Amino acid sequence: MRSIHIDTAEAEVFSPAPDRIVHGNPHGETRNAYESPDGRKYFGEWSCGKGAWRVSYSEWEYCRILEGHVRLTSDDGSVAEAGPDGNLVIEPGFEGVWENLTPVRKLYVIDLGPPEGDAG
């Protein structure tokens, strides 16, 4: 057990790959504050400007939206939205569009699941 401080985590700048961008010019930063010893679980803070891009999840993710408003639209047409103090859970296999309707800042917990070939 330990206390985690996001503000001391190194910031990594990112942008979605150009071929995945639907609209806008989204770019932001990730501050990964925790990585499990096996490298399969993460916790940190993510921020990104307005825009939309295609995503494909192989991992499980929990998001707590701190600022802004986000919309996820699945390829099957279902939609989930969250604003400040909202929560999202994204299951492995989700494919669709992540859209920041405003600049967004979120906390995240990511679980990559068991390594390939490991039944758990």
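Small disclaimer: the values here were computed from a predicted structure and weren't measured.
How far CG of Asn25 is from OG of Ser15: 6.5 Å, rounded to the nearest 0.5 Å. Taking CG of Leu112 as the reference point, atom CH2 of Trp60 lies at 11.5 Å (rounded to 0.5 Å). Taken from CZ in Phe14 to NE2 in His27, the straight-line distance is 9.5 Å, to the nearest 0.5 Å. In this structure, Arg71 CZ and Asn100 CG are separated by 11.0 Å, a value rounded to the nearest 0.5 Å. Here the OH-CD1 distance, from Tyr34 to Ile110, works out to 13.0 Å after rounding to the nearest 0.5 Å. Put simply, CZ on Phe43 and CG on Asp111 are 14.5 Å apart, with the number rounded to the nearest 0.5 Å.
Looking at Ser36, its side chain does come within 3.5 Å of a backbone N or O of Lys41 through a donor-acceptor pair.
The shortest distance between side-chain heavy atoms of Val97 and Leu72 does not fall below 4.5 Å. Pro115 has its side chain within reach of Arg40: a pair of non-hydrogen atoms, C-beta onward, lies under 4.5 Å apart. The side-chain heavy atoms of Asp75 and Arg54, taken from C-beta on, include a pair separated by under 4.5 Å.
Heavy-atom minimum distance, Asp7 versus Arg31: O-NH1, 4.1 Å. Annotation for Glu81 and Leu101: closest pair OE1-CD1, 4.4 Å, computed over non-hydrogen atoms. Residues Val104 and His69 approach most closely at CG2-O, 3.6 Å, considering heavy atoms. Shown here for Pro26 and Gly24, the closest heavy-atom pair between the two residues is CD-C, 3.4 Å. Nearest heavy-atom pair across Trp53 and Ile21 is CB-CA, 3.9 Å. Summarising the geometry of Pro92 relative to Ser58, their closest heavy-atom pair is CB-O, 3.5 Å, with the distance given to 0.1 Å.
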Leu107 vs Ile65, side-chain contact (heavy atoms from CB on, under 4.5 Å): CA-CA, chis, key distance, verdict:
CA-CA 7 Å; Leu107 295 176; Ile65 305 299; over 6 Å; no
Evaluation steps, side-chain contact (heavy atoms from CB on, under 4.5 Å), between Asn87 and Tyr62:
CA-CA 7 Å; Asn87 302 286; Tyr62 163 75; 2.5 Å; yes
task: Would you check, one step at a time, whether the test side-chain contact (heavy atoms from CB on, under 4.5 Å) holds for Glu99 with Val79?
output: CA-CA 11 Å; Glu99 182 176 13; Val79 176; over 6 Å; no
* To do: Output, in order, the C-alpha distance, side-chain angles, deciding distance and verdict of side-chain hydrogen bond (donor to acceptor under 3.5 Å, both in side chains) for Asp76 and Ser74.
  => CA-CA 5 Å; Asp76 70 9; Ser74 175; 3.2 Å; yes
Query raised in the report: Is there a side-chain contact (heavy atoms from CB on, under 4.5 Å) between Phe94 and Val55 once you walk through the steps?
Result: CA-CA 8 Å; Phe94 173 81; Val55 294; 3.6 Å; yes
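In summary, Arg105 and Glu45 engage in a salt bridge, as defined by a charged side-chain N under 4.0 Å from a carboxylate O. Between Glu61 and Lys106 a salt bridge is recorded (basic side-chain N to carboxylate O distance below 4.0 Å). Using a cut-off of 4.0 Å between Lys/Arg side-chain N and Asp/Glu carboxylate O, Asp85 and Arg64 are scored as salt-bridged.
Around CD of Glu10, the count of heavy atoms belonging to other residues, nucleotides or ligands within 6.0 Å does not exceed 12. Within 6.0 Å of NE2 in His23 there are more than 12 heavy atoms belonging to other residues, nucleotides or ligands.
Linking Ile, Leu, Val, Met, Phe, Trp and Tyr whenever their side-chain heavy atoms come within less than 4.5 Å puts Val89 and Leu66 in one cluster. Neither Trp46 nor Ile4 shares a network with the other; the hydrophobic side chains, linked directly or stepwise wherever heavy atoms of I, L, V, M, F, W or Y lie under 4.5 Å apart, form separate groups for each.
Between the side chains of Thr30 and Asn32, not a single donor N or O lies within less than 3.5 Å of an accepting N or O.
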